[in-house]
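Letters go in sequence order (proteins before strands), and every chain restarts at 1.
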Amino acid sequence: MKQIYLDHAATTQLDEAVLKKMMPYMRDYYGNPSSIYTIGRESKRAIEEARDIVASCFNCKNSEIYFTSCGTESDNWAIKGVCAFNKNKGKHIITSNIEHHAVLDTFLYMKKQGYEITVVPVEKNGIIDPLKIEKEIRKDTILISVMFANNEIGTIQPIAEIGSIARKNNIIFHTDAVQAAGTIPIDVKEMNIDLMSISAHKFYGPKGVGALYIRRGIMIDNLFHGGGQERTRRAATENISGIIGLAEALKLSLENMDYNNNHIKKIRDAVKRGIEQKIPYIIYNGDPSQRLVNNINFCFRFIEGEALILMLDFKGISASSGSACTSGSLDPSHVLLALGLPHEIAHGSLRLTFGRDSSMEDVDYIVDSIAQVVDRLRQMSPLYETFVKEQG
Amino acid sequence: MKQIYLDHAATTQLDEAVLKKMMPYMRDYYGNPSSIYTIGRESKRAIEEARDIVASCFNCKNSEIYFTSCGTESDNWAIKGVCAFNKNKGKHIITSNIEHHAVLDTFLYMKKQGYEITVVPVEKNGIIDPLKIEKEIRKDTILISVMFANNEIGTIQPIAEIGSIARKNNIIFHTDAVQAAGTIPIDVKEMNIDLMSISAHKFYGPKGVGALYIRRGIMIDNLFHGGGQERTRRAATENISGIIGLAEALKLSLENMDYNNNHIKKIRDAVKRGIEQKIPYIIYNGDPSQRLVNNINFCFRFIEGEALILMLDFKGISASSGSACTSGSLDPSHVLLALGLPHEIAHGSLRLTFGRDSSMEDVDYIVDSIAQVVDRLRQMSPLYETFVKEQG
Amino acid sequence: MYSNKVMDHFSNPRNVGELADANAVGEVGNAKCGDIMKIYMKIEDNVIKNVSFKTFGCGAAIATSSMATELVKGKSIEDALSLTNKAVMEALDGLPPVKVHCSVLAEEAIKAAINNYKKSIGEQVTEDEYTCNSCCHNKKCE
Amino acid sequence: MYSNKVMDHFSNPRNVGELADANAVGEVGNAKCGDIMKIYMKIEDNVIKNVSFKTFGCGAAIATSSMATELVKGKSIEDALSLTNKAVMEALDGLPPVKVHCSVLAEEAIKAAINNYKKSIGEQVTEDEYTCNSCCHNKKCE
Ligand SMILES: Cc1ncc(COP(=O)(O)O)c(C=O)c1O
Ligand SMILES: Cc1ncc(COP(=O)(O)O)c(C=O)c1O
């Protein structure tokens with residue numbers, strides 16, 4: 001059966017061109033970059049070249065890019081690092097209520113450590129009002145962390161505005177750009193970003209490598225103490241092939257951004273239209289325009305998301321849901337609840353995230369499959385039965 | 001020119017068989033293991049298989065193995081995690097003075113955070129006396145961290161004894177087994193180990209992946225907060241191919257341990273004999289028998305290590321030194337100083353660490369090259385000049 | 001994640017739908033938690049002649065409903081009342097720990113339907129509190 | 001890490017060894033810090049006719065010694081005294097930041113040798129404190 005992967009927000013397939021670039025660094029140039037002999041220096045050189053590439057993609061200096069093992073590490077490092085370094089200055093930190101768990105759970109952890117956290121709610125369209133953040137700023141606020149683009153509903157946040165509010169108030173601003181990097185042009189200078197997290201596997205790079213942008217002059221505690229790697233700020237023998245892969249994948253993403261985004265948006269919009277035409281009782285989640293071009297998020301009333309995902313899988317379609325069952329938690333996704341959706345509706349969400357490898361040819365099959373599965377599950381659903389009877 | 005790699009303690013070349021095992025997980029099985037559709041489940045299954053393998057290598061349960069991004073992360077997680085979780089129980093932690101920086105610098109960081117640290121000195125042979133650790137135990141001691149085998153001088157510590165002292169006193173025991181794993185059989189149960197760090201690239205696995213063994217019942221704070229991966233103890237999308245690679249590399253290392261160790265030891269001993277015969281005014285560092293089979297560490301008096309390493313590199317030999325210049329710090333290696341060596345002698349150290357790919361055929365070339373380089377540098381050295389004149 | 005049996009009963013659920021001539025209906029669960037099971041029965045001479053279900057819920061919820069209906073079909077009321085969630089799980093070759101509550105829900109749905117029947121014929125029943133009691137989410141339910 | 005020029009002067013150092021007929025010797029640095037430079041000069045008519053060095057130290061220490069001797073060979077004492085560590089670095093196409101102290105050491109070693117000569121002919125010299133003052137390790141030296 002044909003496999004149609006529609007979960008690019010979860011992870012993407014490693015680009016063959018990126019893999020090709022990585023291979024020599026998995027095989028031949030294995031020298032420890034901290035070593036002073038030739039094969040060590042070759043690794044070092046390759047890493048610094050990769051750093052140059054990443055820096056040029058975000059309009060910053062290479063000395064402001066630090067390689068990490070993933071988006072989660074970057075987020076944890078940024079938040080814990082700012083908190084630890086500034087604990088004598090203040091203990092108040094601000095975030096939004098639709099952050100990824102890597103930010104949200106780190107905030108909750110900091111709360112347990114005695115920091116005060118303010119979680120600013122987004123509007124009904126999944127976008128935060130920068131003024132609401134500004135209002136929460138206090139004398140002892142040391143950090144604002146707001147994601148660039150949301151992983152579930154794709155909404156893009158007004159980062160430059162939030163950045164300038166933070167800068168004006170002399171507060172460090174971190175953005176989790178894990179979903180944005182490679183899809184949206186990012187200029188850290190213009191956007192007043194102090195710290196920014198990215199993760200390679202979200203833009204066709206390898207898993208297990210990420211980066212944190214740390215603006216020059218921003219001081220944060222280390223998360224990894226140890227050797228002198230990454231200019232003494234992030235210890236550990238470097239994941240050379242991973243770093244090469246991250247840089248190459250980012251470069252390719254930026255080079256082909258317009259083309260890919262157009263391609264993806266066309267397919268996304270066609271699937272969205274198809275679903276809206278064929279399936280009643282649905283709710284489209286998140287702002288329809290201020291969102292990532294690859295993201296659709298619907299709630300289908302009267303059904304539950306895990307069952308939906310599994311049945312789509314039978315049809316060769318890989319997708320995701322914010323239902324409690326798929327998130328492994330007790331509640332449906334906090335992002336959907338943040339939009340004001342009731343639990344029972346949030347349980348029935350479907351996220352489709354398209355990618356470069358998505359094809360216009362599959363649109364009808366995707367729409368038909370979803371319509372069939374939704375219908376089948378509704379036929380099984382006592383909620384739907386009740387609803388239909390009530391409608392008369 | 002022939003390249004002879006003698007820095008296996010710094011890192012090893014990825015085994016081709018391991019790479020082969022990893023490739024499908026870099027290319028085809030890219031699904032996010034947290035997803036419930038088929039390709040996500042395939043990733044999950046592969047990771048759990050890898051976990052089974054690692055667990056069987058150390059005689060523990062698969063649920064006691066947590067994958068990380070490197071040895072440094074494992075060390076940081078273990079130490080910071082224990083400290084944070086037990087801060088109300090006590091704030092005293094104990095380690096040795098020859099730990100890797102990933103442990104030592106983390107201890108120093110904890111000191112800054114208000115923990116009391118005791119750094120127990122090793123004996124002149126680079127081995128710690130367990131009784132000296134026992135003496136330092138206090139009511140508020142919450143952690144003992146002692147490395148399994150040292151990365152510079154290869155000395156193997158009496159881990160089982162220290163483990164039983166810790167267990168008896170109800171103190172958590174962590175060991176950094178980054179240099180030991182794959183070379184020494186490790187039974188975490190028998191050795192009373194509560195937490196153990198390993199790193200794949202030290203045993204012919206990929207860079208950027210490690211593991212932490214956490215004994216069932218040992219509670220520690222997370223280092224990475226976020227998603228529910230690794231049974232909610234270590235968030236982040238899994239580095240699937242890295243994890244597969246770690247497990248395969250560890251398995252192969254254990255399967256071939258005796259053969260490889262014999263092979264390596266023969267070469268190591270021949271090089272050691274050659275050096276001792278050909279070069280005067282040298283000091284052999286670390287216990288000669290209670291040490292890793294792959295390690296030689298000499299100090300050559302009157303010369304400096306960086307120059308030595310660079311000149312060996314001209315001859316195609318990759319080696320390392322504990323000189324200040326190569327360590328990037330102001331002082332020569334703390335490990336060599338811990339043995340009681342004066343600074344000027346410690347600056348002239350050479351570490352050779354052999355591996356599977358080392359060959360008996362190269363022994364003469366290695367010994368001759370070192371003898372030539374040492375002689376050349378001594379001819380340039382004003383210290384040697386003075387020494388010779390003083391000898392009359 | 002799920003056993004083959006679970007996947008079979010999920011992808012091809014038995015006894016699904018409304019039962020036109022049902023004389024007993026039981027519903028348990030809570031939409032907020034993401035699980036509602038509704039069981040329809042046609043009971044004659046103390047025997048469950050026919051049974052069907054409708055379920056709003058995850059794969060395990062649907063599979064346990066399907067299996068539970070299979071297990072009680074043709075059984076006497078007494079036998080059906082002795083159905084345990086463990087029996088449902090075993091018949092499905094197990095469930096992941098986080099899904100065990102689905103089997104509890106299935107057991108309770110069967111009981112609820114039978115109690116509904118008993119009440120309809122004037123028998124006394126000792127009513128349990130079903131709604132979400134067994135659900136792993138119960139801390140979250142009001 | 002190192003420029004080609006540095007590598008050239010390290011791997012193939014000029015003027016290395018003791019100078020048999022030296023009439024000036026200067027030594028700076030500290031073995032504890034890992035750098036000692038010793039410069040030998042043969043000075044005639046105020047001109048450095050010949051110069052050589054011995055160095056205990058890293059690649060940069062050897063290369064800067066070599067370059068510094070090249071730069072003062074054949075020069076007048078006055079010209080040699082005006083040699084700066086910057087000039088040594090430039091002649092080597094730069095040094096990594098952590099190695100800049102080696103060029104300072106080289107400058108000082110030249111000065112120390114010349115001062116040694118001046119004192120030997122009865123001239124007054126304003127002696128600097130050499131030992132490890134310029135060395136990046138100086139905090140660590142006693
Ligand atoms: C917005 C966002 N932040 C952080 C992460 C964490 O990244 P990783 O899983 O690579 O650690 C993800 C994806 O999982 C994400 O979508
Ligand atoms: C003993 C020891 N511990 C920890 C580490 C750190 O491992 P990694 O560089 O993989 O983080 C190393 C090697 O660098 C080591 O030799």
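You'll find the side chain of B:Gln113 reaches within 4.5 Å of the side chain of A:Lys87, heavy atoms only. Proximity of B:Thr12 to A:Tyr30: side-chain heavy atoms (C-beta onward) are nowhere separated by under 4.5 Å. Two residues are said to be in side-chain contact when any heavy atoms from C-beta on lie closer than 4.5 Å; B:Met23 and A:Met23 meet this criterion. Side chains of B:Asp221 and A:Tyr109 form a contact here, defined as non-hydrogen atoms less than 4.5 Å apart.
For a residue to count as touching a neighbouring chain, one of its non-hydrogen atoms must lie under 4.5 Å from one of that chain's; by this rule A:Thr38 touches chain B with backbone and side chain alike. Both the backbone and the side chain of A:Leu223 come within less than 4.5 Å of a heavy atom in chain B. With a threshold of 4.5 angstrom between heavy atoms, A:Asn76 approaches chain B through side-chain atoms but not through N, CA, C or O. For A:Leu19, the part lying under 4.5 angstrom from a heavy atom of chain B is the side chain only. With a 4.5 angstrom heavy-atom cutoff, A:Asp15 does not touch chain B via any of its atoms. At a 4.5 Å heavy-atom cutoff, the contact between A:Glu238 and chain B is made by backbone atoms alone.
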| field | From CA spacing to verdict: side chain to side chain contact (heavy atoms under 4.5 Å, CB included), B:Arg27, A:Leu14 | value | CA-CA 6 Å; B:Arg27 277 211 167 97; A:Leu14 181 58; over 6 Å; no

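For the atom pair B:Ser69 OG and A:Glu73 CD, the distance stands at 5.5 Å (nearest 0.5 Å). How far CD of A:Gln3 is from CD1 of B:Ile39: 7.5 Å, rounded to the nearest 0.5 Å. Taking SG of B:Cys70 as the reference point, atom CG of A:Asn239 lies at 9.5 Å (rounded to 0.5 Å). Atom-to-atom distance recorded for A:His225:NE2 and B:Ile79:CD1 is 11.0 Å, nearest 0.5 angstrom. Distance check: A:Tyr37 OH to B:Leu6 CG gives 9.5 Å after rounding to the nearest 0.5 Å. Note that the OG atom of B:Ser323 and the CD1 atom of A:Ile36 stand 7.0 Å from one another [nearest 0.5 Å].
Contacts with chain A were tallied for B:Val209, B:Thr68, B:Leu312, B:Asn32; B:Asn32 has the most, counting heavy-atom pairs under 4.5 Å. Between chain B and the options A:Lys80, A:Glu99, A:Glu16, A:Lys207, heavy-atom pairs under 4.5 Å are most frequent for A:Lys207. Each of A:Ser241, A:Gly208, A:Gly228 has some count of heavy-atom pairs under 4.5 Å with chain B, and the biggest count is that of A:Gly208.
Other residues, nucleotides and ligands contribute over 12 non-hydrogen atoms within 6.0 Å of the CZ atom of A:Phe314. Atom NZ of A:Lys21 is surrounded by 12 or fewer heavy atoms from other residues, nucleotides or ligands within 6.0 Å. For CE of B:Met219, the number of neighbouring non-hydrogen atoms (other residues, nucleotides, ligands) closer than 6.0 Å is 12 at most.
Heavy atoms only, all atoms of each residue included: A:Ser35 and B:Asp7 are closest at OG-OD2, 3.8 Å. The two atoms that bring B:Thr72 and A:Ala236 nearest to each other are OG1-CA, 3.3 Å, heavy atoms only.
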